[in-house]
Every structure is written in C-alpha cells, then in structure tokens.
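Each remark here refers to the structure printed beneath this line.
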Amino acid sequence: MKKLINLPEQVVEDMLEGMVAAYPEYIRLVPELNIVVRKDAPMKGQVGLVSGGGSGHEPTHGGFVGKGMLTAACAGDVFTSPTPDQILAAIKEVDGGAGVLLVVKNYTGDIMNFEMAAELAEAEGIETASVVVNDDVAVEDSLYTQGRRGIAGTVFVHKIAGAKAQAGGTLDEVKEVAEKVIANVRSMGMALTPCIVPAAGKPTFTLAEDEIEIGMGIHGEPGTHREKIRTADEITEHLTKKVLEDLPFAEGDEVAVMINGLGATPLMELFVINKKVAKMLGERKISVVRTYVGEYMTSLEMAGASVTLLKLDQELKELLAAPADTPGFKQF
Amino acid sequence: MKKLINLPEQVVEDMLEGMVAAYPEYIRLVPELNIVVRKDAPMKGQVGLVSGGGSGHEPTHGGFVGKGMLTAACAGDVFTSPTPDQILAAIKEVDGGAGVLLVVKNYTGDIMNFEMAAELAEAEGIETASVVVNDDVAVEDSLYTQGRRGIAGTVFVHKIAGAKAQAGGTLDEVKEVAEKVIANVRSMGMALTPCIVPAAGKPTFTLAEDEIEIGMGIHGEPGTHREKIRTADEITEHLTKKVLEDLPFAEGDEVAVMINGLGATPLMELFVINKKVAKMLGERKISVVRTYVGEYMTSLEMAGASVTLLKLDQELKELLAAPADTPGFKQF
Amino acid sequence: MGLTVSELTDMIQAVGKVIEDNKAFLTELDSAIGDADHGINMAKGFHAVKEKLPTLADADAGTVLKTVGMTLVSTVGGASGPLYGTAFLRAGMKIGNKEELLAVDLDLGLVAALEGIKQRGRAEPGDKTIVDALQPAVMALKESLNAGKTATEALGAAVTAAEDGVEYTKGIIARKGRASYLGERSLGHQDPGATSTYLMLRTMQEFLARRT
Amino acid sequence: MGLTVSELTDMIQAVGKVIEDNKAFLTELDSAIGDADHGINMAKGFHAVKEKLPTLADADAGTVLKTVGMTLVSTVGGASGPLYGTAFLRAGMKIGNKEELLAVDLDLGLVAALEGIKQRGRAEPGDKTIVDALQPAVMALKESLNAGKTATEALGAAVTAAEDGVEYTKGIIARKGRASYLGERSLGHQDPGATSTYLMLRTMQEFLARRT
Ligand SMILES: Nc1ncnc2c1ncn2[C@@H]1O[C@H](COP(=O)(O)OP(=O)(O)O)[C@@H](O)[C@H]1O
Ligand SMILES: Nc1ncnc2c1ncn2[C@@H]1O[C@H](COP(=O)(O)OP(=O)(O)O)[C@@H](O)[C@H]1O
Ligand SMILES: [Mg+2]
Ligand SMILES: [Mg+2]
Ligand SMILES: [Mg+2]
Ligand SMILES: [Mg+2]
C-alpha cells in the first residue's frame, strides 16, 4: 500500500481538516463528529439536505456541500457508514424549521444508521424524510434482497434535490423530486484495478494485468464477473447497453450523462468513454441535455469508470440546470 | 498497460471528440487539427489566449478553454508538443484583432513549436506575444541550461491572464500580468507511481513498493531523486519548504495554494496534503487567500501530487477572484 | 449462574478482546464477500467499549448493556454498528436494573438481542447474516435451559449451534448486506457477521466455564 | 557524386525506414533521460514523409528537402520536429532548385542543417543534443572533402565522427532539452537525438556506398 497519508486511523480527520482549510468560504467542520456543514446553515425556512456515507468517495459527500446542493455531509470511516449520533448532529446543524431530507445510498449499514438517526431526530421534534438511491444496474433488483446499490447516480439526486430545496421547496416537494430522480437514474461501472482501504492495507480483490471487473461496487466489493480487457468502445458499449435497457431509455428521451471516474482513471480515458456513449445515444435518437465527465463518486484509488444516465422531464431539466456552487460541483 | 482506450494512435482524437461532445456549450473542435476553441471565438477586440502542449495533462489544456481563461488549446500527441501549423491555426481561430498571447510551458519542444508558429503568424500579420512558464523548483535554474519546467503553476497563468483578457486588457497588459504570475509562482511535485504513454506501452521508470520519486516532471521524466516513502506530512513538508524557500515566500505574504493531483491520486490524499500545507503557512504567518485542490495538471495515470504557491498582490488577487466558466475550472 | 455486574463487565471485556484478536480474520472474511472492514469496525467499537466500561463501576446490568449498545452504535458505523448496538441496547432494556444475572436473564437478553437485530436489519434465517448464527444459538440455549441444563451448558449448546450456523452460511447465497450484491459469488464463503456472533458467544461461554 | 532527385528521394525513404526500424530503440533511449517518445515522434514524421514523397516526383532537390522539412515540422511535434524540420528546410533552401546533387551540395546542405538546428534550439556542443553528433560530422565531412575524398568517403568520416559524438554524450550532463532536468542523473546515457542523427547519417552513407 502506497498512499499519501499519515496514520490510517487518522486519514478521515486529516482529510476533513484539509477540506475545510481549502474551502472556508463554503463549509465548516463540526469538530469530533466529522460533519461538513454549509457555512451559512441552518437556512431559516429552507429544507436541509443531509447525506453521507463511508469516506473514500471524494468529492462525495463533503465536496457537494454548498449552495444548491447538500446542506451537510456526514463522513464515516473509509467505506463505513457514519453513525446515528453523527447523522443526528448533522440534522440539528441544518434544521431551519422546514424539515430535513436524508439522502441515503442503499447499503444495509447506511440504511440502518440513517434510520436510527431519523428516529432520534423525530424524538427531538425535527421533521425528517428519507430517500434511498439504488441506481446500480449491475445488481439484480429483487424484493427478497437488499436491492441495488446506490452509486454515481446519487450525485444527480444531490444536485436536483439541492436545487429544489434552494428554490424554497417544501420537504414533501424536495423528497418527491428526489424520488423522481431515483426512479429515472441508472448506472453501471467497471474496474481496472482494485483499491486499498488504508486500515486494511491490502486490496479486497486482485486483477491480472489483462483482467477487468465488471459491475463492481464503489467499496472494493467484487462485481458481477471478471473478463479480459477489451477496447474502451467495447467496454463502454456493454455498460451503456445494460443501463439503457434497464429503465429502459427510449428514442426521443432527453437525458443527462455522467461519466464518472473511480479515482485513478485519467480524464483522458473518461473522455474516450464519453465519445462512445454520445455516439450510442445519438444512434438511438436519445438527446443529451447535459454531460458531466469527471470524478464524482470515487472509490479511493480504484481505476475504472461508471456510466450514468438520467432521464429528464421539464422539471428535472430546470433543476439540473440551476446554479450550484460547492467545492466539488460548480455550475453557473 | 491497462487503459480504457481504443487504439493508442487514436487516443488524442477520441479524447477530444469525447470532450467536445460533453461540452458543446463551451467549446468546439477544429477537425483534423486537434484544436479546442472557445465556442464564441474570435471575440472582437479581445486578446486571444492560446496555450497547448502534449496531451495527457487533462483537464490541461482543453478543459480550461472558456470564459475567463483560454480562448484555444492545441493538443499535441501524448506528452509531445503540438506543431507550428496547429498552433498557427489556433491563433487564427481566436484572433479578434487585439492580438494573441501564447502561454508556453518551458520545454524545448513547446518553445520551438510555439516560436515557429509565432513567426508564421507574424508573417500573416497577426500580432502575438509569448510568455514561458517555469515554476518547477525541483529543477535547478541556470542561464546555461533549459531552465525550469512549467508545471501546475501554469493553471494560475491561464486563470489570471484569462481574466485580464476577458476584462478587456490589451495584449501588452495581458502579457505583463501573465509575467507577473510567472515571476511569483513556484511548484514542486512527487510521484508514487510512474505513468505509461499509450503508444509506448510501458512506464518510463519503475518504483519499488516503498519508493517515491521526488521532483519528477509531468511527462514521466524521472525526478531529482528517489527515496523511501514517508508520511504525507513529511513529504508535504519537504515539497512545501522547497517551494517556500525559492521565491522566497515570507511572513505577511498573501498566497493562492494549489494542491494538484497527478492523475491517480484520490482527492482524499490531496486534502491530507492541504491540511499540512495550510498548517505550515499558518505557522509562517503567510495568509491563504484561495486554495485549489484537485486534478489540474495531470500526468496520465501517475499517482502523486504537486504543491504550488502563488504570491498575490492586489491586482493578482482581483484577477484570480474573477469568474471563470470552463469545463475544468469554474469559479463564480 | 449469579453473574455480578462486575463479572458481566469482565465478560464484555473478554468479548472485546476476542474481537480485537480476530480483527484481521474478520476483515479477511469481509474482504471475500464485503468491503473488508468488519473486523476493523468491530474492533473500533469494542475499543471504545473498553474505555467506557470503567466509568460504569456502580451501574446496574441493564445500564451496562445499554451503554455498551450506545457505544457500539456511535462508534462502529456500517451495518454491524446498528445491529450489534441494537442487540446490546435491547438486551439491556429487557434485563433492566438488575445487580445480578441469572440463567433466565441470559435467555431473555439473547432473545431480545435477536429480535432487535432482526427488526433493525429485516433479515431472516437463510439470508447469510448474523441471524444465521444467532437464531439457532438462541433456540439451542432455550431448549437446553428447558431441559434443565445449567447456563454454562446451555450456552455451550448455543455456541455449537452458532458454529453450525456459521458453517451453514458457507452454502447459501447472501440476500442481505453487501454480500448480497455478489449473488452466486457469495457461495462458499462464511459470513463475517455470523462469525463474529459465534466468537462472541464462545467467549461468553468460556468466561462462564472458567468461573464455574 | 551526381545524386538525382529520384535517388535523393530514395535516400530519404531509406532514412525513414531506419528510423522506423529503430523506433523502439530510440524511444527506449528517451525513456532513460526524457519522456519516452523520440522514436515514436520521429517514426510518425517519417511515416508522413513516406506518404508525401511520391507526390513530388517532378520536383527539384530543394523542393523535396523543403517539403520533407515542412512535413516533419507539422507532424512530429516535440523538440525533434522543429529541429529536424528546420534542418531539412534550411538544407532545401540552401541547395535550391537543383536537379542533381554534388559533393559540395552535401556539404552546403549539412552545414545549413546544422546552423538551422543550432539557431532553433540554441544548443552548443557539449549540451548533450543532436548538435553533439551533427557538428563533428559536418566538420569531418568538410575536412575529408577538402582532403580530396569522395562524397561517400567523406560521409563515412562524418558517420564515424557522429558515432563518436553519440559516445561522447554518454559522459556529459545535459544542458538542453528534457534531459537537462535530470542534472547529473543524465550521465551515463547516450542522447536519443544524437543517436537518431547518427543513424540518419549512416543510412545516407550506406545508400551512397551501395550505389557506387
Ligand atoms: N440486514 C442485516 N441483518 C443482519 N445482519 C446483517 C445485515 N446486513 C449485514 N449484516 C451483517 O453485517 C456483516 C457485515 O458487517 P460490516 O462489515 O461491519 O458492515 P458493512 O457491511 O457496512 O461494511 C455481514 O457479514 C452480516 O453478517
Ligand atoms: N535545444 C536543443 N537543441 C538541439 N537538440 C535538442 C534540443 N533539445 C532537445 N534536443 C534533442 O531532442 C531530443 C529529444 O527529442 P524528442 O524526444 O523527440 O522530443 P521531446 O524532448 O520534446 O520529447 C534529445 O535527445 C536531443 O537530442
Ligand atoms: Mg463497511
Ligand atoms: Mg515528448
Ligand atoms: Mg464490511
Ligand atoms: Mg522525448
């Protein structure tokens, strides 16, 4: 393990301190609790938006705290959900009287910790609502299982629900639009290399020099299967088809595209992928309203990428287009 | 070599097409010539800003084309300077009658190709001026050598000269402020891993599992020396001290900070570095006006980081604070 | 059995030590079908418990258990934090302000713990989770006690059942937790949470056995 | 020597082929002290030259050389593109619209090429660049011609001098180009550009030798 860190046990604290040191005009840190809060929170009468999860996905989540996106983010240990007391503290920090929406990714740990936090908040008289993001089409969707994971599509939930809250939407309205995003967003990823959790010191899986992992999660979890590496076009075609067929996306649809790097993938390669995605969408007469290429939902230093498509209606288009000003996501 | 690409010979074209497909509202591509041009160029009466260099440094250079930064960027092959005819074509694309400033990084190839392009432009009656960025303190500065390399500090030149051009500065004024940035900016980097030029298929150097390379360039060039990995704080201290001593930066100075990832370094680690840099500056009573943490000047999939400091006066502060709206650098 | 609060505290410390000793092992198990942190998470939680327990010298059994639960909830994170946290919380709530625990309390406490975990995690037997170790253990304990066995003996039966449960998880596909994302690829691997449950029960049993 | 334009063209193609054959070798040299692309750059340029030359069947020697120069300038990039491009351009300008080249043209052309490279790159002998192969070669050629040797013989002397020049670059610290960033670490490695110059001269000499 070769990393630019100090003690593994201290890496989350070090990171958060470095983050607030970089962006004091956007965010502040609640000491001890590892919560990143929007500088001017709570905003009176505005719905608060709290998300969080394990660390190691930067700029998710702390990087998206700011105007038009999250009001607070709870950082758990690397790849470990934050705890209920942390989340409760974040809820209290952002509660401006209009209630707080919790944006949770569909992992057992996250679900349970946020649920406990919501129960505690309720006991203290703060109104909360929750949405659960589950955009990863690599995982089979079934009532009898945990269901799908939340991955890069979560960023669109943050953006759009954040815009709605910023525009003065009620808790119900913000929750509703978040759920609309969740219903219309699909993603799938692949990895060239695994990643190493600092405290573990070694990767959770290994890949040969000519192997890639398809459909892996953003926590170093192995994926659906392993195969020989192919060209970027072939790999992209495979991922994009899975994503397209799932909703399904159809001719005439308007979409937003996110080509997300997992941590160690150069932008160059993400653009190569986007070329192919744009071509495939063009062929299917699906029109691209906006494209985001970059690292949004990473998995430490994993090399690989995911493709996300979000089907837009007029409301989603407008909210996606709204300005956002956060350290990790800026849009005029 | 494990990369998300198609043919190595085609990777730059693929990338550029994927880039303009992603950002049609910002940029257009001049086909065949691998030039990324601001959508609304040429801007009548506004100084054009042309930069470029080898590819593999994304978002540099094409990602910084847009309002308040570059007017055009010429993409050479991976780590290879663009050619004079490419650069000349870019100059013509952006010439709005007020002249064109060429921002060149101090590499023999870049210098000569831009110089030839400037001669050709002059022959065609277009006024140009050039500045050469050489911020890398890892390289000894000497009149008898090539001098220092241009690395991440170049992004500050793009930002500030771009703001000056956007504000209507004359060619002389834009050049002058670019030179002021160059005189006041210093950087130094280190690598955890090398990178692989797609066409070469193998790294230019190798590092043991516990070794790092100090002061390497952004083209896979070996650095000043190699050492055993240490903590992020120790490594950061070494780099930052070198940078601080060089200008030198002194008590009371106001600075902008850039913690730049080289391609494969997670944001988490860059924030860990920033924590230490902020601490060191605080101890020296140097005040940080703005901090940029992220991937700005990369070296394909190299893992590592560089630290850049720019000493600011009132003019630089204002121009740095001016809005910029480009795919890779946005600031309200 | 007549377990004093101070002995209960020692028993919990023994459990914590076993978790600490098995940190790498549990993490290794989690790396096969999860995200390689179960041992790390649990060890962190029990480290906090270890620091906390000395402040509870004068507390009753329920308070000790609830405090352990709260500590786990607020330090572990992930899936195991709320699950084991809820287990201790519920056991503590059930047992209440007793100064000495009897066999029946062991039964009550473990039943409450199991119910808490099932409620929090919505897992059923066969989902490849903690439940696959804990539910058979709780049943075996109850049966043994009903058959007139001592607490130590009954806990011995529970440990055996939990061990079988861990073994059983190797042959099933995960339907809850991170391992469920793997589908069939989760086959052949034992569940980390079921394993930590087994380790905890075994430690409790050994503690009781040492003392008798 | 009496080299026709068609022979000149063949000679340039032979040079291109040698560059292509040594693409990996030159890149390898550049990876030690540069950025691992010298062979790739040069091969790309001469590939373009190869496509271009057939369109110049009726051109004079100067035009052929200038076109080769322009082609290199606009396809190679990096440091070697403008340098070798300028070299061919200047040689072409010096030689002008001749239909047949004599020994004196070889001398004039190489001198102009060297001057072009030195002017463009501002390198002097001892900087560990192309100049360290080309300048001694040009001097050896001139001396041989002055001593009454044939063009082929004189070029033979130039090749030997260039080879010595390449050897010499191993012992010096780079002061121009990417290798200069390495400081003392550039010691012990031969310069890629000096090496490609040597290869080109050797190919020219072999071409002349084959034909006589
Ligand atoms: N819904 C659930 N009910 C019961 N146990 C569960 C559930 N989900 C996960 N687990 C248990 O949690 C264990 C993993 O815990 P841990 O690795 O600490 O958390 P995480 O999965 O968040 O990283 C699994 O091995 C499984 O036994
Ligand atoms: N200023 C210079 N003058 C002469 N030759 C130079 C100069 N700078 C570099 N070179 C030559 O160029 C060679 C490297 O060429 P190449 O690798 O193609 O370009 P780059 O360095 O841009 O990658 C060096 O080995 C050296 O011989
Ligand atoms: Mg976890
Ligand atoms: Mg090069
Ligand atoms: Mg886990
Ligand atoms: Mg080179």
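All chains are named by letter (A, B, ...) in the order of the sequence lines, taking the proteins before the strands, and each is independently numbered beginning at 1.
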Could you check which of A:Glu211, A:His57, A:Met302 has the highest count of heavy-atom pairs closer than 4.5 Å to chain B? A:Glu211

Engaged part of A:Ile273 at the chain B interface, taking heavy atoms whose separation is under 4.5 Å: side chain

Taking the side chain as C-beta and beyond, is there a heavy-atom pair between A:Lys2 and B:Asp210 under 4.5 Å? no

Of the backbone (N, CA, C, O) and the side chain (C-beta and beyond), which part of B:Leu7 lies under 4.5 Å from a heavy atom of chain A, both, or neither? neither

Quick one: which residues of residues 325-332 of chain B reach chain A at under 4.5 angstrom, heavy atoms only? B:Asp325, B:Lys330, B:Gln331, B:Phe332

Who wins among A:Val12, A:Ile5, A:Thr236 for the most heavy-atom pairs under 4.5 Å with chain B? A:Ile5

Here the pair of heavy atoms bringing A:Ala21 nearest to B:Thr291 is O-OG1, 4.2 Å

Of A:Glu234, A:Glu13, A:Lys3, A:Met190, the largest count of non-hydrogen pairs under 4.5 angstrom with chain B goes to A:Lys3

Result for side-chain contact (heavy atoms from CB on, under 4.5 Å) between A:Glu17 and one of B:Lys275, B:Lys279, B:Lys276 points to B:Lys275

Can you confirm whether A:Glu32 is buried at CD, in the sense that more than 12 heavy atoms of other residues, nucleotides or ligands lie under 6.0 Å from that atom? no

Is A:Leu192 in contact with chain B via its backbone, its side chain, both, or neither, using a 4.5 Å heavy-atom distance? both

Rounded to the nearest 0.5 Å, how far apart are CG of A:Asp233 and CG of B:Asp14? 6.5 Å

Structural part of B:Ala75 lying under 4.5 Å from a heavy atom of chain A: neither

Checking heavy atoms, do the side chain of A:Ala256, its backbone, both or neither come under 4.5 Å from chain B? neither

With A:Val272 as partner, the option from B:Leu16, B:Leu4, B:Val11 fulfilling side-chain contact (heavy atoms from CB on, under 4.5 Å) is B:Val11

Could you tell me which portion of A:Ala278 (side chain, backbone, both or neither) has an atom closer than 4.5 angstrom to a non-hydrogen atom of chain B? side chain

Residues of residues 260-271 of chain A with any heavy atom under 4.5 Å of a heavy atom in chain B: A:Gly263, A:Ala264, A:Thr265, A:Pro266, A:Leu267, A:Met268, A:Glu269, A:Phe271

Given the options B:Glu301, B:Met19, B:Glu25, which has more heavy-atom pairs under 4.5 Å with chain A than any of the others? B:Met19

I need the B:Asn274 CG to A:Met15 CE distance, nearest 0.5 Å. 12.5 Å

Give, as side chain, backbone, both or neither, the part of A:Ile229 having an atom under 4.5 angstrom from any heavy atom of chain B. side chain

